Amino acid sequence: MQVSSLNEVKIYSLSCGKSLPEWLSDRKKRALQKKDVDVRRRIELIQDFEMPTVCTTIKVSKDGQYILATGTYKPRVRCYDTYQLSLKFERCLDSEVVTFETLSDDYSKIVFLHNDRYIEFHSQSGFYYKTRIPKFGRDFSYHYPSCDLYFVGASSEVYRLNLEQGRYLNPLQTDAAENNVCDINSVHGLFATGTVEGRVECWDPRTRGRVGLLDCALSSVTVDSEINSLPTISALKFNGALTMAVGTSTGQVLLYDLRSDKPLLVKDHQYGLPIKSVHFQDSLDLILSADSRIIKMWNKNSGKIFTSLEPEHDINDVCLYPNSGMLLTANETPKMGIYYIPVLGPAPRWCSFLDNLTEELEENPESTVYDDYKFVTKKDLENLGLTHLIGSPFLRAYMHGFFMDIRLYHKVKLMVNPFAYEEYRKDKIRQKIEETRAQRVQLKKLPKVNKELALKLIEEEEERQKSTWKKKVKSLPNILTDDRFKVMFENPDFQVDEESEEFRLLNPLVSKISEKRKKKLRLLEQQELHEKEEEEELEGKPSDAESSESSDDEKDWVEEVRKQRRLLQQEEKVKRQERLREDQQTVLKPQFYEIKAGEEFRSFKDSATKQKLLNKTLEDRLKLEAKNGTLSVAGTTVGSKQLTFTLKRSEQQKKQQEAEKLHRQERKTLRRSAGHLKSRHRRGRPFH
């Protein structure tokens with residue numbers, strides 16, 4: 001359900017959402033409803049309330065139970081039962097319908113006027129009778145007391161067909177060349193017809209004589225209106241015994257009292273489109289007038305706009321459901337429009353649940369986005385100096401930013417940057433001048449961002465072109481002319497920072513190697529300045545100076561590497577000193593440690609010495625190991641160094657090693673004594 005609001009009048013669109021094609025099976029429709037969220041959330045008030053292509057006319061039966069609509073293609077009429085909220089029947093016709101009328105309270109008696117001069121009668125069972133009129137018809141009305149049908153069209157005559165006798169009667173002869181619309185007053189039976197000359201002729205059906213003539217074309221011309229052609233009558237409607245509304249082809253609606261030939265009120269739609277239909281809403285004294293673009297509701301006494309409705313597609317016909325706030329439209333689209341306006345009246349009896357639904361929506365209003373508001377982020381507010389307005393009614397939080405009034409935004413922006421228009425004007429003038437200079441002989445122009453990189457790419461391209469002239473080498477694409485890298489030379493965020501540590505580590509020789517390019521850049525900037533001031537070209541730098549500089553660059557290569565290394569070491573030393581100062585300034589707090597089970601606590605000395613060793617460099621640690629005797633350094637014949645490490649043992653390992661050594665010595669002495677006894681036993685000597 002889509003909700004729109006104008007002049008604090010809410011209009012609920014009940015026909016918005018996706019429509020499913022007719023040829024889909026019920027199974028596929030159900031599957032789509034499960035998958036597609038938009039299809040599932042739509043409100044289908046009446047099932048299949050649509051036409052294959054276009055809907056031309058729509059009307060409600062007198063009892064309010066049936067809604068009848070005609071459309072194409074193929075030409076057909078569809079009848080919907082509001083009590084069942086579904087399609088009652090569908091009948092295909094031979095030709096397109098201009099207009100139709102229900103003669104009974106339900107759908108049992110219908111008359112169709114076709115665009116091929118045929119008049120078709122339908123009964124409850126279907127087609128009943130067909131006849132023809134002499135000229136092409138445009139509109140007709142039914143006179144209940146005499147059972148006469150009055151047909152107007154591309155003729156000066158008004159044809160009468162009596163349904164009781166079943167024959168044509170003598171026509172009414174008008175002064176017009178053609179007649180567009182007609183209507184019969186339901187109170188006193190006055191017949192009125194609108195002509196192409198912009199007049200309304202009124203006839204008495206009893207005497208078959210003309211009783212009045214109104215010149216609406218002359219009355220529709222006001223001071224504010226702009227008319228390029230003669231207004232013709234395109235819509236006509238009676239209300240009560242004395243009120244009549246007339247719509248013209250130039251977009252004006254004239255309200256008449258039948259006792260006067262001057263209009264009470266002239267309302268202009270301001271679109272210049274023909275008025276399609278006019279309806280009266282008696283409870284609020286409103287008039288609903290519609291052209292192909294908009295439906296306007298205005299007060300018939302003052303002419304003040306009450307509200308308006310502008311559908312997405314062109315309007316062909318409008319029908320106001322009797323004694324309710326529901327509005328039905330026939331559009332240039334398969335879907336027929338259903339709109340509910342609670343202010344006009346309650347919902348019809350067959351859809352009374354709409355009242356409860358709209359009341360719930362009014363209790364929980366949704367946030368809407370308007371065209372007269374500007375979306376700004378927090379960064380934009382900081383630039384404008386409006387951060388103090390956060391939380392106030394001037395800013396409404398939405399997603400990652402805020403909505404603010406567009407008028408306030410323009411005022412603040414003008415105060416922050418009063419010369420914005422002047423800058424915009426200068427930029428436009430500069431663009432025009434650059435466009436005119438495009439045909440001249442151009443100097444080598446560099447972009448505003450990454451000029452050195454662009455100059456380097458240009459030099460590489462020139463060298464590559466020279467090599468391709470000598471040898472047949474396939475040319476490679478240039479980054480400067482590639483659209484993928486265009487932003488790199490336009491957006492300042494992509495500017496290469498040569499002072500950063502990463503750039504200096506990757507490019508230690510950039511200062512000397514790019515010296516030649518920097519001088520070229522200076523020359524090019526000077527040329528541009530002279531071109532702007534004097535529009536004269538200056539000579540560049542001679543080629544022999546460039547060759548001498550290139551040879552100097554090659555000689556100073558090693559010195560530049562050393563210089564860059566020294567600079568980096570000095571910067572690192574300064575950073576280290578700053579860190580030490582910060583460490584000295586910080587106050588240390590006592591910390592408590594928990595000893596794991598099975599371990600003995602000796603002292604903090606070991607951990608402190610280990611931490612000191614870890615903080616030392618590799619060179620210092622090697623010197624310390626050499627002093628302790630755990631490291632030996634020996635030279636080789638090739639000239640390299642050979643390092644031998646002896647692992648340092650702990651005290652426990654030393655004790656264990658000494659115990660093992662004593663044990664081995666004891667076993668050794670035991671073996672010796674046992675061997676000595678055995679040798680004496682063999683010799684036969686006794687033991688002592």
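Being a predicted model, the structure only gives us computed values, none of them experimental. Side-chain atoms are counted along with the backbone in the values below, which use heavy atoms only and exclude waters and symmetry mates. Sequence positions, counted from 1, serve as the residue numbers for this chain.
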*Name all residues meeting the ring-ring contact (aromatic ring centres under 6.0 Å, His included) criterion together with Phe49; count only those two or more places apart in sequence or in a different chain, and write none if there are none.*
Tyr80

*Kindly write out the residues that satisfy ring-ring contact (aromatic ring centres under 6.0 Å, His included) with Phe485, not counting sequence neighbours, or none if the list is empty.*
none

Sequence neighbours excluded, which residues qualify as side chain to side chain contact (heavy atoms under 4.5 Å, CB included) partners of [X]?
X: Ser352; result: none
X: Leu662; result: Gln665
X: Gln431; result: Lys428
X: Val487; result: Asn491, Phe494

Considering all heavy atoms of both residues, which atom of [X] and which atom of [Y] are nearest to each other, and what is their separation?
X: Phe489; Y: Leu457; answer: CZ-CD1, 3.8 Å
X: Lys374; Y: Ile406; answer: CB-CD1, 3.6 Å
X: Thr387; Y: Glu382; answer: CG2-CG, 3.5 Å
X: Met488; Y: Val449; answer: O-CG1, 3.7 Å
X: Leu45; Y: Phe353; answer: CD1-CZ, 3.5 Å

_salt bridge (Lys or Arg N to Asp or Glu O under 4.0 Å) partners for Asp427, two or more places apart_ = Arg430

_Partner residues of Glu490 under the salt bridge (Lys or Arg N to Asp or Glu O under 4.0 Å) criterion, sequence neighbours left out_ = none

How far does [atom1] of [X] sit from [atom2] of [Y], to the nearest 0.5 angstrom?
X: Arg407; Y: Lys411; atom1: CZ; atom2: NZ; answer: 7.5 Å
X: Phe402; Y: Phe375; atom1: CZ; atom2: CZ; answer: 9.0 Å
X: Leu408; Y: Leu389; atom1: CG; atom2: CG; answer: 7.0 Å
X: Lys335; Y: Glu312; atom1: NZ; atom2: CD; answer: 10.5 Å

Would you check if [X] and [Y] make a side-chain contact, meaning some heavy-atom pair closer than 4.5 Å?
X: Ile46; Y: Ser86; answer: no
X: Val376; Y: Tyr409; answer: yes
X: His388; Y: Leu386; answer: yes
X: Ile390; Y: Leu381; answer: yes

Under the side-chain hydrogen bond (donor to acceptor under 3.5 Å, both in side chains) test, which residues partner [X], sequence neighbours left out?
X: Asp355; result: Tyr340
X: Thr377; result: Asp380
X: Thr617; result: Asp620

_Would you say CD of Glu310 has more than 12 non-hydrogen atoms from neighbouring residues, nucleotides or ligands within 6.0 angstrom?_
yes

